[in-house]
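Worksheet: one structure, shown below.
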Amino acid sequence: MKFSGNVKSKIINNKNANIWLASKNITVKYKDLILSMSEEEIDKFFSNNKLGFGTAGIRATAGPGTNQMNKFTYQQMSEGFSKWILNKAADPVVIVAHDNRKNADYYAMVVAETLTSFGVKVILYKDNQIKATPIVSYSVRSANADGAIIVTASHNPKNYLGFKVYGRSGGQILDDDANEIIANMPECETIVNNRYTPNHDLISYFDDEITENYFLASHRCLIKTELNREKSFPVILTPHHGTACYDLPKLLRSLGYSNIILAAQQANPDSNFTYSPSFNPEEKSSFNLSLKYAEKYGASIMLGVDPDSDRLAVAVKHNNRWHYLTGNEMGIIFTYYVLSNKKFNKKPFIVSTFVSTNYIDRIAEKYNADVYRTPTGFKWVGAEMEKYINEKDFVVGFEEAIGSLNSDIGRDKDGFQASALALEVFDYLFQQELTMIDYLNIIFEEFGAWSGETVSYKIESLNWKEEMKEKMDKFSRIKNKDILGIRIEKIRWNERAQALEWFLEQGSWIKFRLSGTEPKFKMYFDIYGPNKEITDKTLNSLKSELEFMLRS
């Protein structure tokens, strides 16, 4: 074997790693990386276990190995997908897209070429450009495609890549289909030497019309937005170097928002996320640059989307202080706003997750709307929506983790449409000299006081899954039946939610869950009480106590 000489040869007792080192298909760079790995890393990255689907597709770090993202694992996943889709459709057509991740355009083409090797027709976007996840979901439905694959790692760290799969509905596939795809993937020990014969005649490209049609469909989904009325208040927007850089500002300006101000350094696609050290808009720090623009231009609202544009976060200024609205708060606002302003022909319904707030049930009851709950992950929300969409009128689907969908033109969370609806609500309130915080307080005055929050604790360990399971076991075996004097009325494991649930007094609850995509232990709080001051105080006390228990 010839290597660069930077790393001395060493004995490796891992069959798959040795297959890679012996293969002519592996570059010298990759071989050096393999030789530089510790024994623990080699066993982790070169196992015989195929990469598995999590909450939203398959995600893993980029690099050599059967359990990292590289050309060979993308071919492995694409072969499994091809065999699966050929069992679903006689002459399948599949959309392939990608975000701004490093080499994502290359891997999208690897996926496309692998699919065509099995006779699957592929549609890419014009010039294989980056494209937002919600537009892909819409495109599946609009083009009557049989499915889609997006090379995206959403808001995971920049060294991650992903493989997100959609079915005919435009929604992400569920577990049974994911398991079929995995079963159809070739075994790990063969993937570096498998051969494929691409057929480029089976690859075609969308033109710009598909995105324009998405914009027009989005216009029709709004309630009070007057397209021809100029709305000149400043709106700060950060696309965090991702797929929203070009299309989202264009959509918002087409709605009459004439003063969209981009956080310029973050407004160009960049796989290194140079000016976005934090690009998960759920984190306040992701707005640090936007704050400087807001101060400069006197803005009272900031919008942030993640790199694949399915998640939107909203921050608003109220009483001279910035408030970063949570997914639950936006879910409450959207639920109340749509139900109280839109006319429905059928019974309205809302879809949310088991770990999102129950507060919307109070609003739904007033407007005779149904609420359906699903496991975490928007694939479940989209599937539940699909069940009822023909017999009822859809209001909104949302997760506590700032993901929502407020129309029936797609089946995945949609940061574009959420931005449009958030600005409609903001504009509606702006004309009354109110803020979104005022609006929440109006809602709380009618339906009762509430506080809620999701807290994540990152586990810094290669064995993070085992460590997090130990934490979960600890909370399931708690002996005390109260916490800080608050009675724990019931403890149960919710199998569908994959969450441990503590039910407290007055309808409050705390839920515990392990992230399906990241090394995070999550705690979800839904707290009710006589007034907001008390619910906030109770929430903060519970957070401190549980953090102490988690760390001890």
Side-chain angles (χ1 to χ4, degrees), residues 223-224 281-282 301 303 311-316 318 322-342 344 348-374 376 378 381 385 394-407 413-415 417-429 432 434-455 506-511 524-536 538-539:
I223 304 168
K224 291 179 176 289
E282 195 177 3
I301 183 167
L303 305 177
R311 309 173 100 204
L312 166 78
V314 180
V316 294
H318 175 79
W322 283 98
H323 293 255
Y324 299 82
L325 295 163
T326 66
N328 280 331
E329 287 171 332
M330 290 306 300
I332 291 168
I333 287 171
F334 283 167
T335 297
Y336 181 75
Y337 178 81
V338 175
L339 285 174
S340 60
N341 286 286
K342 187 174 182 178
F344 298 96
F349 75 102
I350 302 141
V351 184
S352 192
T353 65
F354 288 113
V355 294
S356 300
T357 180
N358 283 16
Y359 195 90
I360 56 166
D361 295 59
R362 301 183 178 196
I363 304 169
E365 184 178 3
K366 175 180 176 178
Y367 292 97
N368 193 32
D370 289 330
V371 178
Y372 300 101
R373 285 200 163 73
T374 73
T376 302
F378 223 86
V381 176
M385 174 185 173
F394 182 63
V395 177
V396 67
F398 76 93
E399 292 184 292
E400 49 73 38
I402 66 170
S404 67
L405 175 64
N406 50 276
S407 82
K413 54 183 178 283
D414 187 328
Q417 289 189 70
S419 296
L421 184 60
L423 287 183
E424 177 175 298
V425 175
F426 182 87
D427 178 50
Y428 167 75
L429 297 169
Q432 303 173 62
L434 297 172
T435 70
M436 287 186 177
I437 304 304
D438 290 323
Y439 200 50
L440 279 172
N441 289 332
I442 290 168
I443 296 169
F444 295 153
E445 193 171 321
E446 179 175 357
F447 297 99
W450 167 89
S451 297
E453 192 172 339
T454 300
V455 182
Q506 299 182 354
S508 299
W509 51 251
I510 306 169
K511 299 184 182 183
Y524 307 82
F525 297 85
D526 205 45
I527 308 300
Y528 301 85
N531 59 61
K532 194 72 167 64
E533 183 180 354
I534 289 177
T535 59
D536 283 347
T538 301
L539 171 62

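Below, all heavy atoms of this structure are taken into account, side chains as well, without hydrogens, waters or symmetry copies. Every value quoted in this text rests on a predicted model; they were computed, and no experiment measured them.
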**Study point:** Side-chain touch Ser340/Tyr367, heavy atoms, less than 4.5 angstrom
**Key:** yes

Review point. Where is the tightest heavy-atom contact between Pro348 and Val395, given as atom of each residue plus distance?
Key: CB-CG2, 3.5 Å

Check your understanding: Got Met436 and Tyr337 here, is their nearest side-chain heavy-atom distance under 4.5 Å?
Key -> no

Revision key, fill the gap. When every non-hydrogen atom of Val351 is compared with those of Phe394, the smallest separation belongs to CG2-CE1, 4.3 Å

Practice item. Check step by step if side chain to side chain contact (heavy atoms under 4.5 Å, CB included) holds for Val396 and Val338. Key: CA-CA 8 Å; Val396 67; Val338 175; 5.6 Å; no

Exercise for review: Just grab all the salt bridge (charged side-chain N to carboxylate O under 4.0 Å, His left out) pairs involving residues 440-453, residues at least two apart or on different chains.
Suggested key: Lys366-Glu446, Glu453-Lys543

Point to revise | Set of residues satisfying ring pair (Phe, Tyr, Trp, His ring centres under 6.0 Å) with respect to Phe344, sequence neighbours excluded | key: none

Exercise for review: For Tyr524, enumerate each residue passing the ring pair (Phe, Tyr, Trp, His ring centres under 6.0 Å) test, keeping only those at least two apart in sequence or located in another chain.
Suggested key: none

Revision key, fill the gap. Per side-chain contact (heavy atoms from CB on, under 4.5 Å), Thr335 is matched among Ile350, Val371, Thr357, Asn406 by Ile350

Check your understanding: Is the backbone of Phe398 close enough, under 3.5 Å, to the side chain of Ser352 for a donor and an acceptor to pair up by distance?
Key -> yes

**Study point:** Side chain proximity check, Trp450 to Glu329, heavy atoms < 4.5 angstrom
**Key:** yes

Check your understanding: By salt bridge (Lys or Arg N to Asp or Glu O under 4.0 Å), which residues pair with Lys532, not counting sequence neighbours?
Key -> Asp536

Review point. Any idea which heavy atoms bring Val425 and Ile333 closest together, and the distance?
Key: CG1-CG2, 4.0 Å

Practice item. Can you measure from CD (Gln506) to CD1 (Ile534) and round to the nearest 0.5 angstrom? Key: 8.5 Å

Exercise for review: Report the residues that fulfil side-chain hydrogen bond (donor to acceptor under 3.5 Å, both in side chains) with Tyr359, sequence neighbours left out, ordered by chain and then residue number.
Suggested key: none

Point to revise | All ring pair (Phe, Tyr, Trp, His ring centres under 6.0 Å) counterparts of Tyr324, not counting sequence neighbours | key: Phe287

Exercise for review: With the side chain counted from C-beta on, respond yes when Ile437 and Leu325 share a heavy-atom pair under 4.5 Å apart, and no when they do not.
Suggested key: yes

Review point. Please walk me through it: do Thr326 and Thr454 pass side chain to side chain contact (heavy atoms under 4.5 Å, CB included)?
Key: CA-CA 9 Å; Thr326 66; Thr454 300; over 6 Å; no

**Study point:** Listed partners of Tyr439 passing ring pair (Phe, Tyr, Trp, His ring centres under 6.0 Å), at least two apart
**Key:** Tyr336

Point to revise | Flag, side chain of Asn358 to backbone of Asp526, donor-acceptor distance under 3.5 Å | key: no

Check your understanding: Measuring from Trp322:CH2 to Ile301:CD1, what's the distance to the nearest 0.5 Å?
Key -> 8.0 Å

Point to revise | Pairing residues for Glu282 by the side-chain hydrogen bond (donor to acceptor under 3.5 Å, both in side chains) criterion, not counting sequence neighbours | key: Arg311

**Study point:** Residue list, side-chain hydrogen bond (donor to acceptor under 3.5 Å, both in side chains) with Thr376, at least two apart or on another chain
**Key:** Arg513

Study note, to complete from the structure: Those residues at least two apart in sequence (or on a different chain) that pass side-chain contact (heavy atoms from CB on, under 4.5 Å) with Ser407 are Cys221, Leu405, Ile409, Gln417

Check your understanding: Considering all heavy atoms of both residues, which atom of Asp438 and which atom of Leu434 are nearest to each other, and what is their separation?
Key -> OD2-CA, 3.5 Å

Review point. Looking at residues at least two apart in the chain, or sitting in another chain, which of them share a side-chain hydrogen bond (donor to acceptor under 3.5 Å, both in side chains) with Thr374?
Key: none

Point to revise | Shortest non-hydrogen contact from Trp509 toward Ile527 | key: O-CD1, 4.2 Å

Practice item. Would you confirm whether Thr535, through its side chain, and Tyr528, through its main-chain N or O, come within 3.5 Å as a donor-acceptor pair? Key: no

Review point. Ile332 and Phe447: side chain to side chain contact (heavy atoms under 4.5 Å, CB included), yes or no, with the steps?
Key: CA-CA 11 Å; Ile332 291 168; Phe447 297 99; over 6 Å; no

Check your understanding: Sequence neighbours excluded, which residues qualify as side-chain contact (heavy atoms from CB on, under 4.5 Å) partners of Asp370?
Key -> Lys347, Phe349, Tyr372, Lys392

Revision key, fill the gap. Heavy-atom closest pair (Phe334 atom, Ser404 atom, distance to 0.1 Å) is CE1-OG, 3.7 Å

**Study point:** Arg373/Asp361 under side chain to side chain contact (heavy atoms under 4.5 Å, CB included): CA gap, chis, key distance, verdict
**Key:** CA-CA 11 Å; Arg373 285 200 163 73; Asp361 295 59; 2.7 Å; yes

Exercise for review: Any chance you could measure Leu429, atom CG, to Glu424, atom CD, to the nearest 0.5 Å?
Suggested key: 10.5 Å

